[in-house]
Each structure stands twice: as C-alpha cells, then as structure tokens.
Protein chains: 2
Amino acid sequence: MNKNCEKYENELYDLAELFKIFGDSTRIKMLFVLCESEVCVANLAEALDMTQSAISHQLKILKQSKLVKTRREGKSIIYSIADDHVRSIIKIGMEHIEE
Amino acid sequence: MNKNCEKYENELYDLAELFKIFGDSTRIKMLFVLCESEVCVANLAEALDMTQSAISHQLKILKQSKLVKTRREGKSIIYSIADDHVRSIIKIGMEHIEE
DNA sequence: TTAACATATGAGCATTTGTTCATATGTTTG
DNA sequence: CAAACATATGAACAAATGCTCATATGTTAA
C-alpha cells in the first residue's frame with residue numbers, strides 16, 4: 001500500500017496547519033479585505049463588524065503564520081498580506097466554489 | 001471602509017468551509033493518497049495507520065464536500081478524487097509551504 | 001440462508017477553537 | 001506628565017471537532 005503520506009508526514013502536517021488558517025470565516029474575510037488594501041486593526045474590525053479584541057486575536061494567528069505583516073503608522077498598526085501565495089490560495093479556492 | 005466582505009459574505013463562508021476540510025492532518029493525508037490512486041477504505045486506513053471507523057467518518061465528510069467520489073467493487077467501496085481542483089489546491093498549498 | 005467480510009454510523013468523550021470581558025502595553029497630543 | 005487613543009493579551013466559557021467503541025448495513029461465498 002502507498003505509504004507516501006508517511007514519507008511526507010511533516011509536509012502534510014504543515015499543509016493542514018496552513019489550510020486550517022484559511023478555514024475560518026473570520027480569518028478568510030480578514031484576508032480577503034487585506035488582499036485589496038492594507039488596513040489598520042480598527043478598520044478591519046469595522047469592516048467585519050466585530051470587536052477589536054476578536055480581530056486582534058485573529059490577527060495574531062495570521063501574523064504567526066506569516067500570512068500577514070505589519071508596520072506602525074502613528075498610533076495605528078497597519079496590516080497587509082505578507083506574500084502573493086495568499087492571493088493565489090484564495091483565488092484557486094474561489095474557482096472551486098464557483099461551480 | 002471596504003465592505004466587500006459583506007458583499008461576498010456567502011462565498012467567503014463557503015470558502016472557509018472548503019479550506020476547513022483541507023485543514024486537518026487526517027483528511028489532507030487521505031486526499032494526498034487519493035491524489036495518486038483510487039483506494040478502498042481498508043487500504044486507506046492501513047496507509048494512514050488509523051482505524052477503519054475513523055477513516056470512514058472522515059470519508060463521509062470528504063464525500064459530502066464533493067471532494068471525493070465512490071464506486072463499489074465487490075465488497076469494497078473505492079474512493080477517488082472527485083475533481084482536479086483538489087490537486088490544484090494541495091499543489092498550491094505545498095508551494096507556499098516549501099519556502 | 002448463514003457466515004465472513006467491508007463499510008457506515010450513532011453516542012460519548014476529550015481536545016481544540018473562537019469569542020468576550022477586563023485590562024495591559026504602547027503612542028501621540030495637550 | 002497626564003489623558004486619550006490604538007492595539008495586544010490572558011482567562012474563562014461555549015461550541016465545534018475528531019476519535020473510539022459498539023453495532024448496523026450491505027455484499028459475497030459456501
């Protein structure tokens with residue numbers, strides 16, 4: 001029997017971890033908004049109609065996963081998509097949905 | 001503020017649901033194995049070193065999500081990838097990982 | 001038809017996850 | 001410096017999730 005999933009055990013684990021990040025409504029909405037333009041925490045919260053705290057907790061997860069990056073601008077922290085793979089993943093997922 | 005995530009509310013919800021399926025070690029391993037060849041339940045269980053029951057429960061989820069399809073062959077049920085989007089999604093995820 | 005095999009499924013349980021609430025940290029302005 | 005603003009974080013709790021165990025359903029061969 002095929003045992004490649006043992007061989008690729010670690011890669012597949014990481015892959016699952018990656019998709020897990022995208023597998024939550026709140027996070028995918030956040031990423032979707034960020035795909036269009038960089039946004040500060042408060043504006044993200046407003047866009048999704050959620051509390052600043054909830055958004056902040058999720059941003060932490062997105063940042064730890066290196067899907068977003070930050071920079072400070074005055075009192076605000078501006079979040080943006082870390083690399084184009086995020087857009088690719090969302091795009092290809094959307095293509096699957098739309099059928 | 002950008003409210004496109006309201007506009008695309010439903011699509012983004014479905015997208016999250018899709019990625020949620022990929023966001024589990026067991027399921028991604030199953031899909032990975034199935035990407036290479038169609039397999040019956042018992043062989044999948046063996047390949048992943050898991051119980052038949054656990055695999056069967058997950059296969060149900062994969063089937064409900066239309067990521068896999070089945071056909072009967074004697075006493076066995078043979079599972080296979082339902083469409084090539086599954087391979088694309090795994091592939092693009094892998095590309096992101098390997099960096 | 002009955003025994004053996006292959007898969008499916010429901011209930012129960014432990015773990016994980018996402019939100020809220022309260023509060024801490026950090027920055028700018030007066 | 002103090003007050004106001006923006007974000008981060010820890011604890012607690014409810015909901016969702018994945019596995020196990022027992023058993024049901026369905027198929028084939030004797």
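Numbers restart at 1 for each chain; the letters A, B, ... are given by sequence-line order, proteins then strands.
The nearest whole Å value for the distance from the CG atom in Leu59(A) to the P atom in dG18(C) is 13 Å. Taking atom CD1 on Ile61(A) and atom C1' on dT9(D), their separation rounds to 12 Å, with Å as the unit. Between the CG atom of Leu44(B) and the P atom of dA8(C) there is a distance of 11 Å, given to the nearest Å. Regarding Asp49(A), its CG atom lies at a distance of 14 Å from the C1' atom of dT19(C), rounded to whole Å. Rounded to an integer number of Å, the gap from CG of Asn43(B) to C1' of dA6(C) is 11 Å. The CD-P distance, from Glu46(A) to dA6(D), rounds to 12 Å in whole Å. The distance from atom CE of Met30(B) to atom P of dT7(C) is 12 Å, rounded to the nearest whole Å. When the P atom of dT7(D) is taken as reference, atom CD1 of Ile77(A) falls 7 Å away, rounded to whole Å.
Looking at the side chain of Ala54(B), the nearest of the listed nucleotides dC5(C), dT27(C), dT20(D) is dT20(D). Of the candidates dT27(C), dG18(D), dA8(C), dT27(C) carries the atom nearest the Arg72(A) side chain, counting heavy atoms from C-beta on. In the set dT9(D), dT20(D), dT9(C), the nucleotide with an atom closest to the side chain of Ser56(A) is dT9(D).
At dT19(C), one or more side-chain N or O atoms of Gln58(A) fall inside 4.0 Å of OP1 or OP2 (strictly under the cut-off). Contact between the side-chain N/O atoms of Ser53(A) and the OP1/OP2 oxygens of dT9(D) is not found at any separation under 4.0 Å. Between dC5(C) and Ser76(B), no contact under 4.0 Å exists linking OP1 or OP2 to a side-chain N or O. The phosphate of dT9(C) has OP1 or OP2 within less than 4.0 Å of a side-chain N or O from Lys60(B). Between Thr51(B) and the phosphate of dT20(D), there is a side-chain N or O to OP1/OP2 separation shorter than 4.0 Å. A close approach under 4.0 Å does not occur between any side-chain nitrogen or oxygen of Tyr79(A) and OP1 or OP2 of dA6(D). The phosphate of dG18(D) (OP1 or OP2) has a side-chain N or O of Arg27(B) nearer than 4.0 angstrom.
Follow the hydrophobic side-chain contacts under 4.5 Å out from Ile78(B) and you never reach Val86(B); the two are in separate clusters.
As judged by a 4.0 angstrom heavy-atom cut-off over every strand, Lys20(B) is placed among residues touching the sugar-phosphate backbone only.
Contact of the Thr70(B) side chain with the Glu38(B) side chain is not registered, since no non-hydrogen atoms from C-beta on lie closer than 4.5 Å. Counting only heavy atoms from C-beta outward, the side chains of Val68(A) and Leu31(A) approach each other to under 4.5 Å.
Only one option out of Leu48(A), Val39(A), Asp24(A), Leu67(A) pairs with Met30(A) in a side chain to side chain contact (heavy atoms under 4.5 Å, CB included); it is Leu48(A).
The aromatic rings of Phe19(A) and Phe19(B) sit parallel, their planes meeting at an angle under 30°, below the 60° perpendicular limit.
Between Gln52(A) and Glu17(A), the residue anchored closer to the 5' end of DNA chain C is Glu17(A), taking for each the nucleotide with the nearest heavy atom. Along DNA chain C, the nucleotide nearest to Glu73(A) and the one nearest to Ile78(B) differ in position, and the one closer to the 5' end is contacted by Ile78(B).
Between the side chain of Arg27(A) and the backbone N or O of Lys29(A), no donor-acceptor pair lies under 3.5 Å.
A stacking contact links His57(A) to dT9(D): the aromatic ring centre lies within less than 5.5 Å of the base's six-membered ring centre, and the planes differ by less than 30°.
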